[in-house]
Amino acid sequence: MKIRVFVSLKDGVLDPQGKAVGHALESLGFKGIGEVRVNRVVELDVPAKDKVEAIHQGEAMARALLANEVIEDFSVEVAE
């Protein structure tokens, strides 16, 4: 079963990559851009019997490796 794990910085955590992207876009002529935040999406095929088990596996993977819970939030969804 395919799942997606979305990882993003928590509110209040500085995003230097987002700042760099925002600056680059402005230098390319895209004016008036507000805050830019860069997030990650990790797609995985997991050996799960149902959606609930797949989400639990994705959450366990996020806590173990994919997200730094001190500065990042994550969510998991089953890809249809």
Side-chain angles (χ1 to χ4, degrees):
M1 188 168 294
K2 183 172 281 201
I3 60 170
R4 291 186 187 102
V5 180
F6 298 90
V7 182
S8 61
L9 289 171
K10 291 183 177 184
D11 290 337
V13 175
L14 297 178
D15 185 355
Q17 187 177 9
K19 286 271 191 203
V21 169
H23 179 70
L25 288 170
E26 284 196 14
S27 71
L28 290 171
F30 297 98
K31 301 297 180 195
I33 294 174
E35 183 181 25
V36 177
R37 311 268 298 170
V38 175
N39 301 307
R40 294 189 313 277
V41 178
V42 181
E43 292 189 1
L44 304 140
D45 285 318
V46 296
K49 296 175 187 162
D50 57 39
K51 291 180 179 184
V52 172
E53 182 181 343
I55 288 172
H56 285 304
Q57 288 181 20
E59 289 171 345
M61 291 177 198
R63 285 189 184 93
L65 176 68
L66 302 176
N68 176 347
E69 290 190 272
V70 174
I71 61 169
E72 295 175 318
D73 289 322
F74 69 87
S75 62
V76 180
E77 73 175 26
V78 174
E80 298 294 331

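What you see is a predicted model, and the numbers here were worked out from it, not measured in a lab.
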Margin query: For a quick test of reading the model, state the closest non-hydrogen atom pair linking Val13 to Leu9 and the distance between them.
Written below: CG1-CD2, 3.8 Å
Check: Of all heavy-atom pairs between Ala62 and Val5, which one has the smallest distance, and what is that distance?
Finding: CB-CG1, 4.0 Å
Checklist line | Nearest-0.5 Å distance, CZ of residue Arg37 to CG of residue Asp11 | finding: 6.5 Å
Notebook entry, point to check: To the nearest 0.5 Å, what is the distance between CG (Asp15) and CG (Asn39)?
Noted result: 7.5 Å
Path from [X] to [Y] over hydrophobic side-chain contacts below 4.5 Å:
X	Y	answer
Phe30	Val21	yes
Val70	Leu65	no
Val38	Leu14	no
Met1	Phe74	yes
Ile3	Val41	no

Item checked: Test side chain to side chain contact (heavy atoms under 4.5 Å, CB included) applied to Met61 and Val42, step by step -> CA-CA 11 Å; Met61 291 177 198; Val42 181; over 6 Å; no
Note to self: If you apply the rule side chain to side chain contact (heavy atoms under 4.5 Å, CB included), what do you find for Glu72 with Arg40, and how did you get there?
What the structure shows: CA-CA 11 Å; Glu72 295 175 318; Arg40 294 189 313 277; 3.0 Å; yes
Check: Taking it one step at a time, do Val78 and Ile55 satisfy side chain to side chain contact (heavy atoms under 4.5 Å, CB included)?
Finding: CA-CA 7 Å; Val78 174; Ile55 288 172; 3.9 Å; yes
Margin query: By the definition side chain to side chain donor-acceptor pair (under 3.5 Å), identify the one residue from Lys51, His56, Gln57 that meets it with Glu53.
Written below: Gln57
Checklist line | Full working for side chain to side chain contact (heavy atoms under 4.5 Å, CB included) between Asp73 and Lys10 | finding: CA-CA 6 Å; Asp73 289 322; Lys10 291 183 177 184; 3.2 Å; yes
Check: Should we say atom NZ of Lys31 is surrounded by more than 12 heavy atoms from elsewhere, each under 6.0 Å from it?
Finding: yes
Note to self: Determine whether a donor-acceptor pair (N or O, by modelled atom type, separation under 3.5 Å) exists between the side chain of Glu59 and the backbone of Val76.
What the structure shows: no
Item checked: Polar side-chain atom of Lys2 near backbone of Leu44 as donor-acceptor pair, under 3.5 Å -> no
